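Reading through the structure tokens given below for one structure.
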Amino acid sequence: MAAISLQGISKRYRDHVAVDRLDLDVEAGEFMVLVGPSGCGKSTTLRMIAGLEDISAGRLFIDGRDVTHVEPHKRDIAMVFQSYALYPHMTVYMNMAFGLLRTSRLSRDEVDQRVQDAARRLRITELLQRRPNELSGGQRQRVAIGRALVRQPKVFLFDEPLSNLDAKLRTHMRAELERLHAELGITIVYVTHDQVEAMTLGTRIAVMDGGRLQQVGAPMEVYRRPATRFVASFIGSPEMNFLPVPNGTAAARNWLNQRYGDAALKPGTVLGLRPEELDLAAAPSATMAGPLHWLGVVQRVDRLGAEAYAQIRVGDDDVLVRTPADVALEAAQPILLTPDLSRLRVFDGQTGAALAECP
Ligand SMILES: Nc1ncnc2c1ncn2[C@@H]1O[C@H](COP(=O)(O)OP(=O)(O)OP(=O)(O)O)[C@@H](O)[C@H]1O
Ligand SMILES: [Mg+2]
């Protein structure tokens with residue numbers, strides 16, 4: 001049985017549906033990341049798991065127990081927020097110990113052991129006698145995590161815990177969270193709108209949009225085989241390119257028809273290719289190209305050191321292509337674009353659904 005099972009969970013605020021019939025199983029020990037744009041229902045979902053929001057419809061199970069209507073403090077869950085909400089007048093030690101001393105039956109010694117253990121794991125032992133205003137942002141966030149750790153809950157919920165930190169500290173804390181997860185084997189549900197965080201932290205990621213679950217899978221699986229055009233554009237940076245079927249070439253139509261069926265020939269079909277999945281060649285060799293190719297004109301080239309990104313105008317579209325940094329390209333140069341056919345994704349023009357599993 002999954003550690004957490006959401007079965008047809010919905011949340012309605014008056015006539016607004018914030019979360020729409022969400023089905024999601026989180027396995028014990030998993031690091032599940034909920035990711036999606038602002039307002040897509042991530043925090044609402046997390047708050048329903050924690051019991052901080054009523055569930056409008058559906059059922060929620062934690063460790064096999066139906067907790068749909070169980071009070072928050074009886075769910076054996078700890079939540080860490082973006083704002084750390086530490087008690088300003090208490091020391092770090094008391095911030096971590098207070099909840100346990102007040103609500104658990106643990107002795108002072110047992111509480112002390114847990115606080116010392118959590119502090120050691122989080123490397124904040126030397127800060128235990130300070131107050132929150134004497135700490136850096138990253139240190140405060142550790143204390144907030146420590147306060148959750150000492151409770152030894154079944155499940156940890158994180159809502160954008162790193163978004164108040166600067167980029168360098170975020171990267172560092174990401175590694176710390178990974179380490180904690182590996183060391184303790186805890187079950188985590190982690191909300192972020194940052195797709196890089198999702199890709200690097202999650203054992204699986206669940207992509208949401210407009211209150212609906214779009215896709216669940218291992219990060220690279222979702223990256224390689226996005227189920228919808230929305231997922232394809234949300235996951236990956238720089239974004240995937242979306243190109244029309246090259247007009248007028250029978251070879252292109254035949255090739256698409258053979259692999260993806262008639263649906264691929266409907267007007268509006270969109271082909272998805274990431275910047276690293278396109279090749280550039282001088283335009284005159286067009287006749288030598290494979291079944292799919294586009295003619296374009298170089299707009300600009302951004303050389304980033306290890307690599308370069310070329311922006312190519314193809315009809316009305318701008319296409320971004322990753323190339324080696326020393327590529328000989330200049331603005332206004334005509335160019336032939338060819339795709340890595342093994343990576344091609346085909347999306348329905350109306351629904352945005354991926355037409356078939358790409359290889
Ligand atoms: N108490 C509330 N009353 C009415 N609508 C709400 C309430 N809380 C959230 N919503 C709405 O529900 C939707 C989902 O909100 P939610 O906070 O879950 O988004 P989110 O994915 O966490 O976004 P963000 O990345 O900005 O934190 C939004 O449209 C929001 O305006
Ligand atoms: Mg939120």
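These figures come from a predicted structure and were not determined experimentally. First listed ligand is number 1; within each ligand, the first listed atom is number 1. For this chain, numbers begin at 1 and follow the sequence in order. Scope of the values below: all heavy atoms of this structure, side chains included, with no hydrogens, waters or symmetry mates.
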Ser43 near the Mg ion (ligand 2) via N/O/S, less than 2.8 Å: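 Within the cut-off used here (under 2.8 Å), Ser43 does place an N, O or S atom near the Mg ion (ligand 2).
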Return the residue, atom name and 0.1 Å-rounded distance of the protein heavy atom closest to [atom].
atom	result
atom 18 (O) of ligand 1	Thr44 OG1, 2.5 Å
atom 5 (N) of ligand 1	Tyr13 CD1, 3.2 Å
atom 12 (O) of ligand 1	Ala18 CB, 3.3 Å
atom 25 (O) of ligand 1	Lys42 NZ, 2.8 Å

Between His16 and ligand 1, is there a nitrogen or oxygen pair with a distance under 3.5 Å? yes
Nearest atoms (heavy-atom pairs only) where Gly41 meets Val19: O-CG2, 3.6 Å
Closest heavy-atom contact between Val297 and Ile335?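 Taking Val297 first and Ile335 second, the nearest heavy atoms are N-CG2, 4.4 Å.
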Side chain proximity check, Leu336 to Leu280, heavy atoms < 4.5 angstrom: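 Leu336 does not reach Leu280 side chain to side chain.
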Please could you name the atoms of ligand 1 that Ser43 approaches to less than 4.0 Å, counting only its heavy atoms? 17 (O), 18 (O), 20 (P), 22 (O), 27 (O)
Can we say Arg131 and Glu134 salt-bridge, meaning some charged N sits less than 4.0 Å from an Asp/Glu carboxylate O? no
Only heavy atoms count here, so choose which of Ser163, Cys40, Pro37, Gly39 is nearest to atom 28 (C) of ligand 1. Gly39
Counting only heavy atoms closer than 4.0 Å, does ligand 1 sit against the backbone of Lys11, its side chain, both, or neither? neither
Contact check, Glu160 vs ligand 1, heavy-atom distance below 4.0 Å: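 Under 4.0 Å: yes for Glu160.
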